[in-house]
Amino acid sequence: MQSKGSRREAIRQFKEQKPLIGAYSVRCTATGSICVGVTRNLEATKNRCWFSLRNGMFPDKLLQQEWNLHGESAFRYEMLDSLDEETHPLEVDNLLKEMKGRWVAQCGARPLL
């Protein structure tokens, strides 16, 4: 069992972590289709995507149809690129927009909202 001091330290460290901001892809291995999106939290986005897909609520209806047809095991989530931690907050939106366009073109992918 952790002491109160070590538990407080672990909580403090967790709160100080900055989320990874960047681009990701969702790939259907059965069809070869690729979707690319950008987010302000790469780690949390996979959980959000999989939760939405499992519950039939994903905003991209084509991706949802593929998920329903082929199942979870046919899908892969991949972090493609991330912004530097020191990126100025006012630059993030423009950089993400550029990053998304670049990865959509590079992967021949469909953009996610």
Worksheet item: Partners of Asp93 by side chain to side chain donor-acceptor pair (under 3.5 Å), sequence neighbours excluded?
Response: Arg40

Worksheet, complete the sentence: Contacts of Arg110 meeting side chain to side chain donor-acceptor pair (under 3.5 Å) (sequence neighbours excluded), chain-then-number -> Asp60

Discussion item. What's the separation between atom CZ in Arg27 and atom SG in Cys107, rounded to the nearest 0.5 Å?
Written reply: 5.0 Å

Worksheet item: Judged by atom type as modelled, is there a donor-acceptor pair below 3.5 Å linking the side chain of Glu78 to the main-chain atoms of Ser25?
Response: no

Worksheet item: Taking C-beta and beyond as the side chain, do Asn41 and Ile21 meet within less than 4.5 Å on heavy atoms?
Response: no

Worksheet item: What salt bridge (charged side-chain N to carboxylate O under 4.0 Å, His left out) pairs are there with at least one residue in residues 48-58, not counting sequence neighbours?
Response: Arg54-Glu72

Discussion item. Checking Thr29 now: which residues fulfil side chain to side chain donor-acceptor pair (under 3.5 Å) with it, not counting sequence neighbours?
Written reply: none

Worksheet item: Who pairs with Ala30 by side chain to side chain contact (heavy atoms under 4.5 Å, CB included), at least two apart in sequence or on another chain?
Response: Cys28, His70, Ala74

Discussion item. Test question: given the 4.5 Å side-chain rule for I, L, V, M, F, W and Y, name all other residues clustered with Leu69, or answer none.
Written reply: none

Fill in: Which residues share a side chain to side chain donor-acceptor pair (under 3.5 Å) with Glu43, sequence neighbours left out
none

Item to complete: Report the C-alpha distance between Asp81 and Arg102 in whole Å, list the side-chain angles of each, state the deciding distance to 0.1 Å, and finish with yes or no for side chain to side chain contact (heavy atoms under 4.5 Å, CB included).
Response: CA-CA 11 Å; Asp81 201 355; Arg102 185 173 61 248; 3.3 Å; yes

Worksheet item: Is there any ring-ring contact (aromatic ring centres under 6.0 Å, His included) pair reaching into residues 79-113, and which pairs are they, with sequence neighbours excluded?
Response: none

Fill in: Members sharing Met57's hydrophobic cluster (side chains within less than 4.5 Å)
Phe51

Item to complete: Quick one: list whatever passes side chain to side chain contact (heavy atoms under 4.5 Å, CB included) with Tyr77, sequence neighbours left out.
Response: Tyr24, Val26, Leu42, Thr45, Lys46, Trp50, Met79

Worksheet item: Do any N or O atoms from the side chain of Thr31 and from the backbone of Ser33 form a donor-acceptor pair under 3.5 angstrom?
Response: yes

Discussion item. Quick check for you: to the nearest 0.5 Å, what is the distance between Asn94 atom CG and Met99 atom CE?
Written reply: 12.0 Å

Discussion item. For a ring-ring contact (aromatic ring centres under 6.0 Å, His included) check, start with the C-alpha distance between Phe75 and Trp67, then their side-chain angles and the critical distance, and finish with the verdict.
Written reply: CA-CA 8 Å; Phe75 286 82; Trp67 178 278; 5.1 Å; yes

Response to the item:
Residue set satisfying side chain to side chain contact (heavy atoms under 4.5 Å, CB included) with Leu95, at least two apart, ordered chain then number -> Leu83, Thr87, Glu91, Glu98

Worksheet item: Do Pro111 and Val36 have side-chain heavy atoms sitting under 4.5 Å apart?
Response: no

Worksheet item: Mind checking what makes side chain to side chain contact (heavy atoms under 4.5 Å, CB included) contact with Arg8, not counting sequence neighbours?
Response: Lys4

Worksheet item: Do Ile34 and Leu112 share a hydrophobic cluster, counting only Ile, Leu, Val, Met, Phe, Trp and Tyr and linking them when any side-chain heavy atoms are less than 4.5 Å apart?
Response: no

